[in-house]
Amino acid sequence: MIKRIYNFVDRKLGFKELVRYGLVGVIGAAIDFSLLNVFVQFTRFDVYQSLVFAFLISVIVSYFLHSHWTFNVKKLPVKLLAYCLTAMVGLIINFTVMYLLIEGWGWWYNYAKLAAIFVALVWNYTIAKTLVFKNINR
């Protein structure tokens with residue numbers, strides 16, 4: 001009975017998919033945070049340059065994890081391009097939130113990054129599920 005309910009919820013709501021999306025998101029966020037700090041601490045990049053480079057690297061890694069594990073689609077260059085283009089909006093959201101929190105409110109860049117991730121989360125999942133990975137092979 002419980003298995004039937006779980007399977008129904010999974011088919012209708014994509015629960016496993018959402019959990020997998022969250023796990024890949026945690027991995028992507030860890031890469032993003034780590035590289036942001038490496039670039040800030042060990043290069044001559046400022047926090048905003050570091051943000052861009054770290055974000056782009058984490059987007060590429062996340063794309064391959066999502067396409068292989070979360071949404072189970074073939075890795076097509078067109079899908080990668082679509083994912084990167086939608087991620088650019090996520091980058092703009094990240095940059096804007098971080099800039100406002102750092103420059104406007106004096107937050108530490110790591111706290112600002114954490115807030116930016118949460119703000120961009122809804123956008124990223126919605127676009128990934130409905131546009132980028134909508135033609136999936138289940």
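None of the values given here were measured: they were computed from a predicted structure. Scope of the values below: all heavy atoms of this structure, side chains included, with no hydrogens, waters or symmetry mates.
Clustering ILVMFWY residues whenever any of their side-chain heavy atoms sit less than 4.5 angstrom apart, transitively, puts Ile92 in a cluster other than the one holding Leu56. If you chain together hydrophobic residues whose side chains sit under 4.5 Å apart, Leu100 and Val52 never meet in one group. Tracing side-chain contacts under 4.5 Å through hydrophobic residues (I, L, V, M, F, W, Y), one reaches Tyr63 starting from Met88; they form part of the same cluster. Trp108 and Val97 end up in the same hydrophobic cluster when Ile, Leu, Val, Met, Phe, Trp and Tyr side chains are linked at under 4.5 Å.
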Open item on the list: Please evaluate residues Ile27 and Ile31 with respect to the criterion side-chain contact (heavy atoms from CB on, under 4.5 Å), reporting the C-alpha separation (whole Å), side-chain torsions for both, the decisive distance (0.1 Å), and the verdict.
Closed with: CA-CA 6 Å; Ile27 292 166; Ile31 291 169; 4.1 Å; yes

Task: side-chain contact (heavy atoms from CB on, under 4.5 Å) between Tyr111 and Leu101, worked out - done: CA-CA 9 Å; Tyr111 292 151; Leu101 293 177; over 6 Å; no

TODO: Test side-chain contact (heavy atoms from CB on, under 4.5 Å) on Phe53 and Leu35 and set out the steps.
DONE: CA-CA 8 Å; Phe53 289 121; Leu35 290 177; over 6 Å; no

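Here the straight-line distance linking atom NZ of Lys113 with atom CZ of Phe55 works out to 6.0 Å at 0.5 Å rounding. Atom OG in Ser50 sits 9.0 Å away from atom CD in Gln41 (nearest 0.5 Å). For the atom pair CD1 (Ile57) and CG (Asp32), the distance works out to 9.5 Å, reported to the nearest 0.5 Å. Remark: Ile117 CD1 to Ser58 OG distance equals 8.0 Å, nearest 0.5 Å. In this structure, the separation between CZ on Phe39 and CG on Asp46 is 12.5 Å, given to the nearest 0.5 Å. Atoms CD1 and CG, from Ile102 and Asn110 in turn, are 9.0 Å apart once rounded to the nearest 0.5 Å.
The number of heavy-atom neighbours closer than 6.0 Å to OH of Tyr48, taken from other residues, nucleotides and ligands shown, is above 12.
The two atoms that bring Gly28 and Ser62 nearest to each other are CA-OG, 3.7 Å, heavy atoms only. The heavy-atom pair separating Ala30 from Ser34 by the smallest distance is O-OG, 2.7 Å.
Residue Met98 is tested with Ile93, Val119, Leu114, Leu51 for a side chain to side chain contact (heavy atoms under 4.5 Å, CB included); the sole match is Leu51.
The shortest side-chain heavy-atom distance between Phe45 and Val40 does not fall under the 4.5 Å cut-off.
Ring pair Trp105/Trp107 is tilted by interplanar angle, where 30° to 60° counts as tilted.
A side-chain donor-acceptor contact under 3.5 Å links Asn37 to the backbone of Phe33.
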